[in-house]
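Worksheet: one structure, shown below.
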Amino acid sequence: LEDMQNDEKRQQKDLNKRTTALICSNEVPIVLRLGMPLIILGNIGLFLSGHLSLGGQVDIHGAVAGQDFLVEGFYDFSVLSSTIEMWEAGAHAL
């Protein structure tokens, strides 16, 4: 097992000596080399924005004895708040 691990380490060192990272490679256009990290960061930002912002809101519209009423913001929820509520309720298998 130790010989196998040493062999893998040796192969990895050899591979690292012979190759370069894609961001340093002249084969990849500069636009992609610099643009891809920005696209990934933008994607992370959109993901966080979508999961942390308000996902929905429950409003109550009704009428009692002919009088209309409205309760705005009766229940607000997002992916984050729903996940926290489920965790606190014991849904730990998520």
Side-chain angles (χ1 to χ4, degrees):
L1 182 62
E2 187 176 337
D3 289 338
M4 289 175 60
Q5 290 174 341
N6 289 335
D7 189 44
E8 285 181 23
K9 286 180 185 178
R10 188 175 35 76
Q11 288 176 354
Q12 187 65 38
K13 285 181 183 180
D14 181 51
L15 186 62
N16 288 341
K17 286 180 187 177
R18 293 186 292 122
T19 59
T20 60
L22 286 177
I23 198 161
C24 299
S25 174
N26 291 330
E27 301 296 321
V28 179
I30 189 75
V31 173
L32 289 177
R33 286 189 276 163
L34 299 178
M36 195 54 80
L38 295 175
I39 291 171
I40 291 170
L41 289 175
N43 193 8
I44 291 170
L46 289 173
F47 177 85
L48 290 174
S49 171
H51 283 78
L52 300 179
S53 64
L54 180 64
Q57 182 177 37
V58 176
D59 297 334
I60 298 176
H61 299 266
V64 174
Q67 185 72 20
D68 293 335
F69 67 92
L70 170 65
V71 179
E72 291 185 7
F74 179 75
Y75 183 73
D76 297 333
F77 59 92
S78 67
V79 173
L80 177 64
S81 66
S82 297
T83 303
I84 290 171
E85 288 174 8
M86 286 189 294
W87 182 267
E88 290 174 349
H92 296 218
L94 293 175

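Remember, it's a predicted structure, so these values are computed and weren't measured experimentally.
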Which atoms form the tightest heavy-atom contact between [X] and [Y], and what is the distance?
X: Gln57; Y: Glu72; answer: NE2-C, 4.5 Å
X: Ser53; Y: Ser78; answer: O-CB, 3.0 Å
X: Ser82; Y: Phe77; answer: OG-CB, 4.1 Å
X: Leu32; Y: Pro37; answer: O-CD, 4.3 Å
X: Arg33; Y: Val28; answer: NE-O, 3.0 Å

For the side chain of [X] and the backbone of [Y], is there at least one donor-acceptor N/O pair under 3.5 Å apart?
X: Ser49; Y: Gly45; answer: no
X: Ser25; Y: Ala21; answer: no
X: Thr19; Y: Leu15; answer: yes

Working to the nearest 0.5 angstrom, can you tell me the gap between [X] [atom1] and [Y] [atom2]?
X: Ile39; Y: Leu34; atom1: CD1; atom2: CG; result: 11.0 Å
X: Leu38; Y: Asn43; atom1: CG; atom2: CG; result: 12.5 Å
X: Leu41; Y: Leu46; atom1: CG; atom2: CG; result: 11.0 Å
X: Leu48; Y: Ile44; atom1: CG; atom2: CD1; result: 7.5 Å

Any heavy-atom pair between the side chains of [Y] and [X] that's under 4.5 Å?
X: Trp87; Y: His92; value: yes
X: Leu80; Y: His51; value: no
X: Asp7; Y: Asp3; value: no

Around atom [atom1] of [X], are there more than 12 heavy atoms from other residues, nucleotides or ligands closer than 6.0 Å?
X: Phe74; atom1: CZ; result: no
X: Leu22; atom1: CG; result: no
X: Gln67; atom1: CD; result: no

field: Within one Ile-Leu-Val-Met-Phe-Trp-Tyr cluster: Met86 and Ile84, side-chain cutoff 4.5 Å
entry: no
ILVMFWY cluster, Tyr75 and Phe69 together (side-chain gap under 4.5 Å): yes
message: Applying side-chain contact (heavy atoms from CB on, under 4.5 Å) to Asp14 and Arg10, what does each step give before you reach the verdict?
response: CA-CA 6 Å; Asp14 181 51; Arg10 188 175 35 76; 5.8 Å; no
